[in-house]
Amino acid sequence: MKNAIVGQSGGPTSVINSSLAGVFEAAKSRGAGHVYGMCNGIQGFLEDRYVDMTDIFKKTIDIELLKRTPSSYLGSCRYKLPALDAEGAKEIYDTIMEKLEALNIGYFFYIGGNDSMDTIDKLSAYGKQVGSDIRFIGVPKTIDNDLTVTDHTPGYGSAAKYIGVVMKEIIRDATVYGTKYVTIVEIMGRNAGWLTAAAALAKDNDCEGVDMICLPEVPFNVDRFVEKVRRMQEKKSSIVIAVSEGVKLEDGRYVCELSDDVHAVDAFGHKALTGTARFLANTVARAMDTKTRCIELSTLQRCAGHLTSRTDITEAYQVGGAAVKAAFEGHTGEMVALKRISNSPYQCTTELHPISEIANLEKKVPLEWINEDHTQMKQEFIDYAFPLIQAELTPIFVGGLPQHIYLGEKS
């Protein structure tokens with residue numbers, strides 16, 4: 001009887017643990033002897049840090065709590081596996097394979113975004129190269145919603161819901177004094193503006209919505225931005241703007257690089273982005289006779305477990321189960337994708353795609369979903385995003401606070 005192993009990688013989200021629950025329950029129901037969890041992803045596994053989840057989850061309530069617990073229960077990592085032909089790579093891959101064989105692993109699942117799919121791509125390629133029968137399947141999860149081939153990614157719906165809710169509240173707060181005010185809200189999104197676009201969801205019968213949305217898909221010009229703000233404030237005193245942390249100038253530099261902040265680089269070569277809203281707020285304040293403030297939603301938009309979308313939680317669990325089904329049926333080197341069948345009523349199913357069609361690629365917001373002035377999202381985006389934020393999964397409250405599962409030190 002073969003065992004299964006699962007890891008979580010990349011940025012944690014409010015629904016990633018629902019995918020973990022889906023993998024665990026499906027693997028056990030299909031006959032896996034043990035289901036191991038990698039502590040801190042593939043990096044932790046290389047350091048012999050893993051747990052036997054079969055011994056941990058014995059009560060149904062644990063699974064329900066897991067679905068409602070934000071962040072990554074098993075911990076995450078930002079570890080980049082070397083290219084297969086890189087110096088010293090064979091030793092690393094052989095070590096991983098030896099450890100998997102020692103645990104009698106037949107099925108390997110990795111939950112995450114683009115960088116995680118890169119890990120699946122490399123491991124499945126090496127497995128094929130050495131004739132391993134281990135099946136490697138990617139399980140999509142990222143609030144960035146930038147994985148190709150899938151209609152959307154688990155994690156995005158809940159983050160979009162949080163952004164829509166918070167933007168409505170910020171708009172109400174910004175109008176309370178009736179004086180000139182420009183509020184600039186910085187939202188996550190390095191190269192794809194899906195999260196920032198979700199600010200458009202705030203507009204409804206009870207809310208006028210944000211005044212401007214700035215996405216990284218559209219080259220940014222600071223002077224034109226200030227002029228747009230100036231024209232808007234001639235018509236209304238309070239202006240609220242949603243801006244992606246990854247907006248870039250026409251020369252390719254991030255706007256945040258115009259500030260004096262230090263921007264470190266992670267193992268995947270990604271520059272840390274911060275300070276975009278602060279720089280723009282200061283620029284507007286110097287150029288115009290108005291008060292400004294900047295707000296960074298930062299990690300709140302990905303860890304707000306009290307505002308998850310039930311649709312999102314359900315689909316996260318669904319793709320975990322679909323990944324197990326695929327692996328047990330003999331698939332490897334693939335990722336589970338969501339395929340939308342209809343919007344009204346909303347229906348979505350799963351399908352498989354080769355990991356080579358996904359790893360190290362990015363899905364951007366279609367330019368045709370942005371208005372000509374590059375300030376607002378069109379109805380096509382609203383129709384796309386609205387079904388993903390529907391319903392809620394109420395937290396289990398104990399003593400007035402939501403209850404979570406905590407694994408403890410990942411050692």
Side-chain angles (χ1 to χ4, degrees), residues 1-13 15-58 62-63 65-67 69 71-77 79 81 96-97 99-113 115-124 127 132 134-142 153-155 315-329 331-336 350 352 355 405 407 410:
M1 182 182 294
K2 289 289 187 178
N3 300 321
I5 192 164
V6 56
Q8 300 169 302
S9 181
T13 73
V15 305
I16 188 173
N17 290 326
S18 189
S19 291
L20 179 63
V23 169
F24 173 77
E25 291 206 311
K28 289 302 296 179
S29 69
R30 286 182 175 270
H34 293 268
V35 181
Y36 295 97
M38 291 175 265
C39 298
N40 300 111
I42 194 67
Q43 182 177 15
F45 184 66
L46 277 165
E47 299 167 357
D48 291 320
R49 290 187 284 119
Y50 54 87
V51 294
D52 189 342
M53 293 178 61
T54 313
D55 295 334
I56 296 175
F57 295 105
K58 295 179 179 178
D62 286 341
I63 293 296
L65 277 176
L66 187 61
K67 290 180 182 179
T69 297
S71 190
S72 300
Y73 173 77
L74 292 171
S76 186
C77 69
Y79 181 79
L81 284 173
I96 293 172
M97 290 298 177
K99 291 179 183 293
L100 292 174
E101 289 171 7
L103 291 173
N104 193 30
I105 299 299
Y107 315 99
F108 183 108
F109 307 98
Y110 214 45
I111 308 170
D115 297 333
S116 302
M117 296 310 117
D118 174 74
T119 298
I120 285 290
D121 188 29
K122 289 172 178 173
L123 286 175
S124 59
S132 171
I134 299 174
R135 294 150 191 177
F136 298 90
I137 299 291
V139 184
K141 174 283 317 174
T142 172
T153 54
E315 291 181 341
Y317 185 84
Q318 180 184 8
V319 296
V324 172
K325 179 177 183 292
F328 274 71
E329 290 178 352
H331 293 269
T332 189
E334 295 179 285
M335 187 194 82
V336 178
T350 61
L352 294 169
I355 200 69
I405 292 181
L407 181 60
K410 316 295 192 299

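All values derive from a computational prediction rather than experimental measurement. Just the heavy atoms: all of them, side chains too, but no hydrogens, waters or symmetry mates, feed the values below.
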Is the backbone of Gly41 close enough, under 3.5 Å, to the side chain of Ser9 for a donor and an acceptor to pair up by distance?
no

Where do Tyr110 and Ser116 come nearest, in terms of heavy atoms and distance?
CD2-O, 3.6 Å

What's the shortest heavy-atom distance between Val35 and Ala27, and which atoms?
CG2-CB, 3.8 Å

Can you find a heavy atom in the side chain of Ile120 that is under 4.5 Å from one in the side chain of Ile137?
no

Considering only heavy atoms from C-beta outward, does the side chain of Ile42 approach that of Leu123 to under 4.5 Å?
yes

For Leu20, the option from Val15, Val139, Ile63, Ile111 that meets side chain to side chain contact (heavy atoms under 4.5 Å, CB included):
Ile111

Between atom CD of Glu25 and atom CG of Leu66, what is the distance when rounded to the nearest 0.5 Å?
9.0 Å

For the pair Leu352 and Val336, evaluate side-chain contact (heavy atoms from CB on, under 4.5 Å) and give the outcome as yes or no after the intermediate values.
CA-CA 5 Å; Leu352 294 169; Val336 178; 3.9 Å; yes

Measuring from atom CD of Glu334 to atom CZ of Arg135, what distance do you get when rounded to the nearest 0.5 angstrom?
11.5 Å

Under 3.5 Å donor-acceptor, Ser76 side chain and Gly10 backbone
yes

Is the backbone N or O of Gly33 less than 3.5 Å from a side-chain atom of Lys28, with the two atoms forming a donor-acceptor pair by type?
yes

Show, in sequence, the C-alpha distance, side-chain angles and deciding distance for Asn40 and Glu47, and conclude whether the side-chain contact (heavy atoms from CB on, under 4.5 Å) test is met.
CA-CA 10 Å; Asn40 300 111; Glu47 299 167 357; over 6 Å; no

Main chain of Thr142, side chain of Thr13: is a donor-acceptor contact present, judged purely on distance under 3.5 Å?
no

When rounded to the nearest 0.5 angstrom, what is the spacing between CD in Gln8 and OG in Ser72?
4.5 Å

Nearest 0.5 Å please: distance from the CD1 atom of Ile134 over to the CE atom of Met97.
5.5 Å

Heavy atoms, side chains only, cut-off 4.5 Å: are Ile16 and Ser71 in contact?
no

So Tyr79 and Leu46, do their side chains get closer than 4.5 Å, heavy atoms only?
yes

Taking all atoms of both residues into account, what is the closest heavy-atom pair of Leu407 and Tyr73, and its distance?
CD1-OH, 3.2 Å

With sequence neighbours left out, the residues meeting ring-ring contact (aromatic ring centres under 6.0 Å, His included) with Phe136 are Phe108

If we ignore hydrogens and angles and just use 3.5 Å, is the side chain of Lys141 paired with the main-chain N or O of Gly11 as donor and acceptor?
yes

Determine yes or no for a side-chain-to-main-chain donor-acceptor pair under 3.5 angstrom, with Lys122 supplying the side chain and Leu81 the backbone.
yes

On a heavy-atom basis, which atom in Phe109 and which in Ala4 lie closest, and how many Å separate them?
CE1-CB, 4.0 Å

Which pair of non-hydrogen atoms, one from Ile56 and one from Asp62, has the smallest distance, and what is that distance?
O-OD2, 3.7 Å

Determine whether Lys325 and His331 make a side-chain contact, defined as any pair of heavy atoms from C-beta on separated by less than 4.5 Å.
no

Would you say the side chain of Met1 lies within less than 4.5 Å of the side chain of Asn104, judging by non-hydrogen atoms?
no

If you round to the nearest 0.5 Å, how far is CD1 of Ile355 from CG of Asp121?
6.0 Å

If you take all heavy atoms of Val319 and Ser19, which pair is closest and at what distance?
CG2-OG, 3.8 Å

Would you find a donor on one side and an acceptor on the other, under 3.5 Å apart, between the side chain of Tyr107 and the backbone of Lys2?
no

Rounded distance [0.5 Å steps], NZ in Lys67 versus CD1 in Ile405:
11.5 Å

Would you indicate whether the side-chain heavy atoms of Lys99 and Asp48 approach each other to under 4.5 Å?
yes

Measuring only between side-chain heavy atoms, which start at C-beta, is Ile5 closer than 4.5 Å to Phe45?
yes

Between Asp52 (side chain only) and Tyr36 (backbone N and O only), is there a donor and an acceptor less than 3.5 Å apart?
no

